[in-house]
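All heavy atoms count here, side chains included; hydrogens, waters and symmetry mates do not. Predicted model only: the values in this text are computed from it and were never measured.
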Amino acid sequence: LELGRYGEDLAFKKIKRLGYKKIIRNYRCSLGEVDLIAKDGDTLVFIEIKTRRGRPTGYAKEAVDTRKKRQLSKVALSYMKANDCSEAKARFDVIAISIKEGKPQIEVVKNAFDLSY
């Protein structure tokens, strides 16, 4: 849990530096949760964060499996419907964080996967 929170804080700072705006952290609904929702220009971005200790970022990216993609897609569609932005451009990003010897390596994968439901 502590590692996850640390990873979320690192990811939040990273996307702010990249210029993402209007960031919502830990959006929850009856269908599940998404770590971050932000705007990148005119695109709504749903972001999954995976943090691993002592493993390459590729390992963290692989943790977003088919089941997780489906669940994130459902949450994203629910958010868009509830917030009257169903027509907005949207994408899914994954932020993979690897912490080795106390030093984080952060990789932002834009448009990591397509809507899957």
Side-chain angles (χ1 to χ4, degrees):
L1 203 60
E2 188 177 315
L3 180 64
R5 261 189 251 124
Y6 177 62
E8 285 182 9
D9 289 342
L10 290 171
F12 179 78
K13 290 174 187 171
K14 178 74 172 181
I15 65 169
K16 283 191 67 103
R17 282 193 305 272
L18 291 173
Y20 290 50
K21 306 278 187 225
K22 296 182 181 178
I23 302 164
I24 300 168
R25 293 176 79 157
N26 299 310
Y27 173 79
R28 287 179 171 74
C29 70
S30 62
L31 298 170
E33 185 234 347
V34 64
D35 295 323
L36 296 171
I37 302 173
K39 291 281 281 194
D40 184 17
D42 65 347
T43 302
L44 191 57
V45 185
F46 297 89
I47 304 167
E48 178 68 8
I49 303 163
K50 291 297 181 189
T51 307
R52 298 293 184 262
R53 195 179 303 275
R55 300 204 180 211
T57 56
Y59 182 81
K61 288 187 290 189
E62 290 171 7
V64 183
D65 61 13
T66 303
R67 186 193 64 76
K68 186 66 175 174
K69 290 175 187 175
R70 199 171 309 127
Q71 186 259 336
L72 290 168
S73 295
K74 289 176 184 177
V75 173
L77 290 170
S78 175
Y79 174 87
M80 293 174 78
K81 184 176 179 182
N83 290 277
D84 200 28
C85 55
S86 296
E87 300 301 316
K89 287 194 300 185
R91 73 170 192 251
F92 295 94
D93 289 2
V94 173
I95 299 180
I97 302 171
S98 174
I99 301 171
K100 277 188 171 180
E101 300 169 7
K103 295 181 182 179
Q105 179 185 355
I106 303 169
E107 183 180 351
V108 178
V109 182
K110 292 185 177 186
N111 210 16
F113 60 91
D114 294 324
L115 188 65
S116 172
Y117 60 95

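For the atom pair CZ of Phe92 and CD1 of Ile47, the computed distance is 11.5 Å after rounding to the nearest 0.5 Å. Here OH of Tyr79 is found 15.0 Å from CG of Leu31. Values are rounded to the nearest 0.5 Å. If you take CD1 on Ile15 and CD1 on Ile106, they are separated by 11.0 Å, rounding to the nearest 0.5 Å. One distance of note links CZ of Arg67 with CG of Leu72; it measures 9.0 Å at 0.5 Å rounding. Taken from NZ in Lys13 to CG in Leu18, the straight-line distance is 14.5 Å, to the nearest 0.5 Å.
Pairing each heavy atom of Ser86 with each of Lys81, the nearest pair is OG-CA, 3.7 Å. For the residue pair Pro104 and Leu10, the shortest heavy atom distance occurs at CB-CD1, 3.7 Å. In terms of heavy-atom proximity, Thr51 sits nearest to Gly7 at OG1-CA, 3.3 Å. For the pair Cys29 and Ser78, the tightest heavy-atom approach, listed with the atom from each and the gap, is SG-OG, 3.9 Å.
Judged by distance alone, the side chain of Asp35 and the main-chain N or O of Ile49 form a donor-acceptor pair under 3.5 Å. Judged by distance alone, the side chain of Asp65 and the main-chain N or O of Lys68 form a donor-acceptor pair under 3.5 Å. Listed for the Asp93 side chain is a donor-acceptor partner under 3.5 Å among the backbone atoms of Asn111.
Residues Tyr27 and Ile24 meet the side-chain proximity criterion, which asks for heavy atoms closer than 4.5 Å. Looking at heavy atoms from C-beta onward, Arg52 lies out of side-chain contact with Ser98 at the 4.5 angstrom threshold. Using a 4.5 Å heavy-atom cutoff, the side chains of Val45 and Lys39 are not in contact. Within the 4.5 Å cutoff, the side chain of Leu3 has heavy atoms near those of the Arg53 side chain. When side chains are defined from C-beta on, Leu115 counts as touching Leu77, because their heavy atoms get closer than 4.5 Å. Residues Gln105 and Ile97 have side chains not in contact (no heavy-atom distance under 4.5 Å, counting atoms from C-beta outward). With contacts defined as side-chain heavy-atom distances shorter than 4.5 Å, the pair Asp42/Lys89 qualifies.
Remark: Arg91 fails to qualify as a cation-pi partner of Phe46 under the 6.0 Å distance and 45° angle criteria applied to the six-membered ring.
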| request: Any chance you could lay out the side chain to side chain contact (heavy atoms under 4.5 Å, CB included) test for Asn26 and Glu33, step after step, and finish with the verdict? | output: CA-CA 6 Å; Asn26 299 310; Glu33 185 234 347; 3.0 Å; yes

| field | Worked check of side chain to side chain donor-acceptor pair (under 3.5 Å) between Gln71 and Lys74 | value | CA-CA 5 Å; Gln71 186 259 336; Lys74 289 176 184 177; over 6 Å; no

| field | Verdict with reasoning, Lys69 to Asp114, per salt bridge (Lys or Arg N to Asp or Glu O under 4.0 Å) | value | CA-CA 8 Å; Lys69 290 175 187 175; Asp114 294 324; over 6 Å; no

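Each of Val108, Leu36, Thr43, Ile37 was evaluated against Tyr20; a single residue qualifies, Val108, per the side chain to side chain contact (heavy atoms under 4.5 Å, CB included) test.
Counting non-hydrogen atoms of other residues, nucleotides and ligands closer than 6.0 Å to CZ of Arg25 gives a total above 12.
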